[in-house]
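Taking it in order: structure first as structure tokens, then the write-up.
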Amino acid sequence: MSKLCSSLHRVFQGNKTQIGSANSLADQYRQYMSTRFIFLTVLAMVILFTLLYDLSEGPSSLSYGDLLKGLWSPSSLPISQQVIIWDIRLPYALMAILVGASLGLAGAEMQTALNNPLASPFTLGVGSAATFGASLAIVFDFSSFGITQTYLLPIFAFAFACLTSLIILGVANSLGGSIQSVLLFGIALMFGLNAMVGVIQFVADEGQLQQIVFWTMGSLARADLEKATIVAVVFILCLIVSLRNSWSMTLLRSGEEQAQSMGINVKRLRVTTLVRVSLVTAVALAFVGEIGFIGLVAPHIARMMIGESHRFFLIGSTLCGALLLSLASIVSKSVIPGLVLPIGMVTSLVGIPFFITLIYQHQKRHSL
Amino acid sequence: MSLTLQNISIAYGSKKILSDITLDAIKPGTLVALLGKNGAGKSTLIKGLAGLKSYQGEASLDGVELANMTQHQRLKSIGYVPQTLPQGSSLLAYEVVKSVVTLQGESTFKEQTIEDVFERLKISHLALWPMHKLSGGQRQMISLAQAIVRKPKLYLLDEPTSALDLNWQMQVLKAIREEVSSQNAIAILISHDINLALRYSDQVVLLNQGQILAEGPPKESLTVDHLAQAYNVNARIESCSKGHPIILIDNAL
């Protein structure tokens, strides 16, 4: 991935040299923007290819011809292949893209709102809070309220994720926004929440325990089209609101004091952003469990490739997240033939070295 | 249009930083140099007027209380320039300036204005550079461009030349001076380079321990005694061959 990024970066640098021949600054900037459009379009097309590849991967072999036929006209295939495509592989593959996109969006917004390049729903414990909320919903029977678990899980996950985000914001404000301190607090919070999940596991019966373990490992195995639709609706709504705020968020990146002096209510912007981050994270994770590092890695790749103007950055991070999790989904099915690894393990194995590299680079930059 | 401050007081928690700052109506086209030693309350006053700190008292621009301004009024009226912009952003310099114009809702016809500002400040070559690759001085220039492009009525400049070399200091202050005169704006400028500030300012406000020690035209309001009191230095005030007052420091007290 880093090689891909650096080669794309070189393409952009090359483009920047050509930009120098354009007339006005506005023209030069428009050309620069067009390279961003191209990058985003290419990214979207690659995601489409990985989706098709993901759909074709599995113990039962399906040709691309059958796959496309099955997607376009399901009745033209035998019922067994229809079930494989529509009930097993499509929800799995779509969920990977939707959850990846949601985490990419959440990570990008969280890093801007907290002015912290190491912030993500996973590193600051928001994912763990969602797990804790979901575990509570699994173990304690709230079905007497007339809400099915399909909706109860995201509601509980959201409530605790939101609470945690607001606590982190409070701590970030009181610590003067120190990146390391906020990160350490997030890690402490994550350990605390994981311990509480452990307590819940201790009192859970066998069936509940299985569900919680599924959650903590992160897996797409229980995805279905109804759940994917819920994730898609919440993601799209959050993306629309995020894009409406994109200029304010861009200004926030150019300086908090600047933004505030221009009448932007920075406190309100941060709180509403973190509530949105909590919602999109909790709903995404409610059905697949904890998936780490996508929310951290995707914004960094997007930032490296297309900068931080939030109109592009948010979409870029969203697409990078979708692509990363779609690739992870393929890897989870391909590593051991006939066995599907929990996708959370795959993202963690890839994400941890990236996270350590980021911390190392950050330390190096600030010790100079 | 005028800026009036009446009994402005600002505190950090229980610690009072500014007490009863009152300035009579500052007229359009005036550049005010806000002077004083470290901790005198200069930045606090600027931050209060910029909406970054709450204040007690009254501060009105054109009869509108600054604290009650809407976002649109703030965008139109106040151009705050901090000491420097944050280092870590990957935004392009052009985007930093354009984002303000877009937030004002005037994206198309101001393209030429953005271009003019970059040219006037001689920073067109930086336009497509990401902010994290610019030096502190270059980021200061972009911050200034972000303020000038809006043509505000009130500039609040918190040491806008602190990271610039001599040539750029002169150019920036000249640009601010021209902007204030041509747009009939008001600027409050903090600078630790008293001579440079005096050269371009119409009025001086000297702060000491959160209160006004002296105010008025530079030649009349700055005395050797004031400088000794405000900065703890033995100073002389001379005139250069072009008639500008020059302060020479003999020694610290």
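Every chain is numbered from 1, with letters handed out A, B, ... down the list of sequences. Note that the coordinates shown come from a computational prediction; the quantities given were computed from them, not determined experimentally.
- When heavy atoms are compared at a cutoff of 4.5 Å, B:Gln146 approaches chain A solely by way of its side chain, counted from C-beta outward.
- Against chain A, no residue from residues 54-66 of chain B qualifies, as none has a non-hydrogen atom under 4.5 angstrom away.
- Using a 4.5 Å heavy-atom cutoff, the side chains of B:Gln169 and B:Asp193 are in contact.
- Judged by distance alone, the side chains of B:Gln140 and B:Thr161 never bring a donor and an acceptor atom under 3.5 Å apart.
- Neither the backbone nor the side chain of B:Arg139 comes within contact range of chain A; no heavy atoms are under 4.5 Å apart.
- Among B:Met69, B:Arg150, B:Met131, the residue making the largest number of heavy-atom pairs under 4.5 Å with chain A is B:Arg150.
- Closest of all the heavy-atom pairs between A:Ala119 and A:Leu296 is O-CD1, 4.1 Å.
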Sequence neighbours excluded and cut-off under 3.5 Å, please list the side-chain donor-acceptor pairs for residues 235-243 of chain A, or say none.
residue	atom	partner	partner atom	Å
A:Ser242	OG	A:Glu109	OE1	2.7
A:Ser242	OG	A:Cys238	O	2.7
A:Ser242	OG	A:Arg276	NE	3.0

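- If you check the side chains of B:Gln112 and B:Asp116, you find a donor sitting under 3.5 Å from an acceptor.
- Of all heavy-atom pairs spanning B:Pro152 and B:Ala147, the tightest one is CD-O, 3.2 Å.
- Contacts between residues 35-52 of chain B and chain A, defined by a heavy-atom separation under 4.5 Å, are made by B:Lys47, B:Ala50, B:Gly51, B:Leu52.
- By a heavy-atom distance cut of under 4.5 Å, not one residue of residues 175-191 of chain B is near chain A.
- Counted by atom type alone, B:Ser99 and B:Thr102 present zero donor-acceptor pairs between their side chains at under 3.5 Å.
- Between A:Tyr29 and B:Tyr94, the two ring planes are tilted [angle within 30° to 60°].
- Side-chain atoms of B:Thr30 and B:Asp202 form no donor-acceptor pair, as typed in the model, at a separation below 3.5 Å.
- For A:Thr112, no part sits under 4.5 Å from any heavy atom of chain B, backbone or side chain.
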* Working for salt bridge (Lys or Arg N to Asp or Glu O under 4.0 Å), residues B:Glu115 and B:Arg120 -> CA-CA 9 Å; B:Glu115 187 123 12; B:Arg120 192 138 36 103; over 6 Å; no
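- Side-chain contact of A:Glu257 with B:Tyr80: a donor-acceptor pair under 3.5 Å is present, judged by distance alone.
- Going from atom CG of A:Leu252 over to atom CH2 of A:Trp247 covers 14.5 Å, rounded to the nearest 0.5 Å.
- When atom types are taken as modelled, the side chain of A:Gln31 and the backbone of A:Gln28 share no donor-acceptor pair closer than 3.5 angstrom.
- Counting only heavy atoms from C-beta outward, the side chains of B:Leu18 and B:Leu207 approach each other to under 4.5 Å.
- In this model, a donor atom of one side chain and an acceptor atom of the other lie less than 3.5 Å apart for A:Asp27 and A:Ser24.
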